[in-house]
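Notes follow once the structure below has been shown.
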Amino acid sequence: MPELPEVETIARELNQALSGQTIRKVQVRRPGLLEGDSPQGFEAGLAGKQVDRVARRGKYLVFTLVPQGVLVAHLRMTGKFVLQGGAESIPPSARVVFLLSGGERLLYQDTRCLGRLFLARTEEEAPPLARLGMEPLSGGFTPGWLAQGAAKSRTPIKVWLMDQSRVAGLGNIYVSEICFSARVAPTRPANSLNRGEIQRIHRVTGEILTQALACNGTTISDYRKVDDKTGTFQNFLRVYGKKGAPCPRCAAPIQRIVQHQRSTFLCPVCQK
DNA sequence: AGCGGAACCTGTCGGC
DNA sequence: TGCCGACAGGTTCCGC
């Protein structure tokens, strides 16, 4: 479910709520979500650790622990972290329960159980993080960098932008929106984009992610903030999920196609 | 290197 | 009402 703006929103809220808190006890109710550790090893590795900070890398959440260790989480499609008071009842979709020293509980909920949690000694030692590419809101994400990478690949630009080892954090919703705003057909081979098109992709990526972040992300069905509230960027989506609706630029009907087994939404008239 | 397809899971919605 | 297939903010693995 969540892409960069949603994961960043969650990371900020978790950082605010958890910094300085100690994890008293952990209950793993769905062992299949863990990578590497047994439930016992995972629970033992976290009990008594203090959360120093929570940050985002790509679509991963990284909890830095004191005295040492990191907890890494990927929410995949339906994962969410929710804070609740100790008196509330724990819902069945809570797959991992973190009991905090302050009496609150942090729930990892995940209907589809596709998410993954694991422990590592350091962020550098967490293999999936090492494979991530450029952060699209970082200074290194420049038109020049984009042009150089795209020039080497015949992969459709939508699929190229979603490859986490190239650009880390973009997913199905935002890439459809980026291609639409940049007026580039998502099926275009990455190496066919000219300088102006690369520059437009670069510019609108920053604009869209920044605006989505200001909206606390996009809620279509599952995504919730840590306080269980929704994001609001869905009100600004221009093509995602809008098959048949008039294009906001030229009024032609928005089309849905499938790329890489995922839905892509586009305007067949004004995206070239 | 790169691409397509299946697998991992569960829930919901639309059509017949 | 009920069943069946399609679809869902993602990633990884396998075979060609």
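Residue numbers start from 1 in every chain, and the chains themselves are labelled A, B, ... in the order their sequence lines are given, proteins ahead of strands.
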Contacts of Y174(A) that satisfy ring pair (Phe, Tyr, Trp, His ring centres under 6.0 Å) - sequence neighbours left out:
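F233(A).
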
Not counting sequence neighbours, which residues clear ring pair (Phe, Tyr, Trp, His ring centres under 6.0 Å) with F118(A)? List them please.
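F118(A): no ring pair (Phe, Tyr, Trp, His ring centres under 6.0 Å) contacts found.
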
Result of checking E123(A), E135(A), E124(A) against R57(A) for salt bridge (charged side-chain N to carboxylate O under 4.0 Å, His left out):
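With R57(A) as partner, salt bridge (charged side-chain N to carboxylate O under 4.0 Å, His left out) holds for just one option, E135(A).
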
Whole-Å P distance, dG5(B) and dA6(C):
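Rounded to whole Å, the distance is 15 Å.
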
Round to a whole Å and report the spacing from [atom1] of [X] to [atom2] of [N].
X: M162(A); N: dA8(C); atom1: CE; atom2: C1'; answer: 12 Å
X: Y223(A); N: dG10(C); atom1: OH; atom2: C1'; answer: 16 Å
X: I220(A); N: dG10(C); atom1: CD1; atom2: P; answer: 10 Å
X: I257(A); N: dC7(C); atom1: CD1; atom2: P; answer: 14 Å
X: K243(A); N: dA8(C); atom1: NZ; atom2: P; answer: 11 Å
X: E3(A); N: dA8(C); atom1: CD; atom2: P; answer: 13 Å
X: L75(A); N: dA8(C); atom1: CG; atom2: C1'; answer: 15 Å
X: L132(A); N: dG10(C); atom1: CG; atom2: P; answer: 14 Å

Closest nucleotide of DNA chain C for V258(A) versus for R262(A): which of these residues is on the 5' side?
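So the residue in question is V258(A).
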
Of the listed nucleotides (dT11(C), dC7(C), dG10(C)), which one gets closest to any side-chain atom of M77(A)?
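Out of dT11(C), dC7(C), dG10(C), the nucleotide with an atom closest to M77(A)'s side chain is dG10(C).
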
Side chains of Q234(A) and T219(A): do they bring a donor and an acceptor to under 3.5 Å?
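No - no donor-acceptor pair under 3.5 Å links their side chains.
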
Verify whether one side chain among S263(A) and R256(A) offers a donor that lies under 3.5 Å from an acceptor in the other.
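Looking only at side-chain atoms, R256(A) and S263(A) do form a donor-acceptor pair, the distance falling under 3.5 Å.
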
Just say parallel, tilted or perpendicular for the rings of F81(A) and F98(A), cut-offs at 30° and 60°.
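The arrangement is tilted - the two ring planes meet at 30° to 60°.
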
Which ILVMFWY residues can you reach from L266(A) by hopping between side chains whose heavy atoms are under 4.5 Å apart?
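Once heavy-atom contacts under 4.5 Å are chained together, L266(A) belongs with I257(A).
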
Hydrophobic cluster of V258(A), others only, ordered by chain and residue number, side-chain cut-off 4.5 Å
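ILVMFWY cluster around V258(A) holds nothing else.
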
Would you write out the dot-bracket form of DNA chain B, 5' to 3', with Watson-Crick and G-U pairs under 3.5 Å, [ ] for crossing pairs, | for pairs to other strands and . for unpaired bases?
.|||||||.|||||||

Using a cut-off of 4.0 Å between protein heavy atoms and nucleotide atoms, how would you tag nucleotides 2-12 of chain B 5' to 3' with B, S and -?
SSSBB-BBB--

With heavy atoms under 4.0 Å as the rule, sort S263(A) into base, sugar-phosphate or nothing.
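The answer is sugar-phosphate, as S263(A) gets under 4.0 Å only of primed atoms, P, OP1 or OP2.
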
Look at H74(A) and dG10(C) and indicate whether a side-chain polar atom (N or O) is within less than 4.0 Å of OP1 or OP2.
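So the side chain of H74(A) is outside the cut-off, no N or O lying under 4.0 Å from OP1 or OP2 of dG10(C).
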
Assess R30(A) against Y108(A): is NZ or CZ under 6.0 Å from the centre of the six-membered ring, and within 45 degrees of the ring's axis?
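Judged by the rule (NZ or CZ under 6.0 Å from the ring centre, within 45° of its axis), R30(A) is not positioned above Y108(A).
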
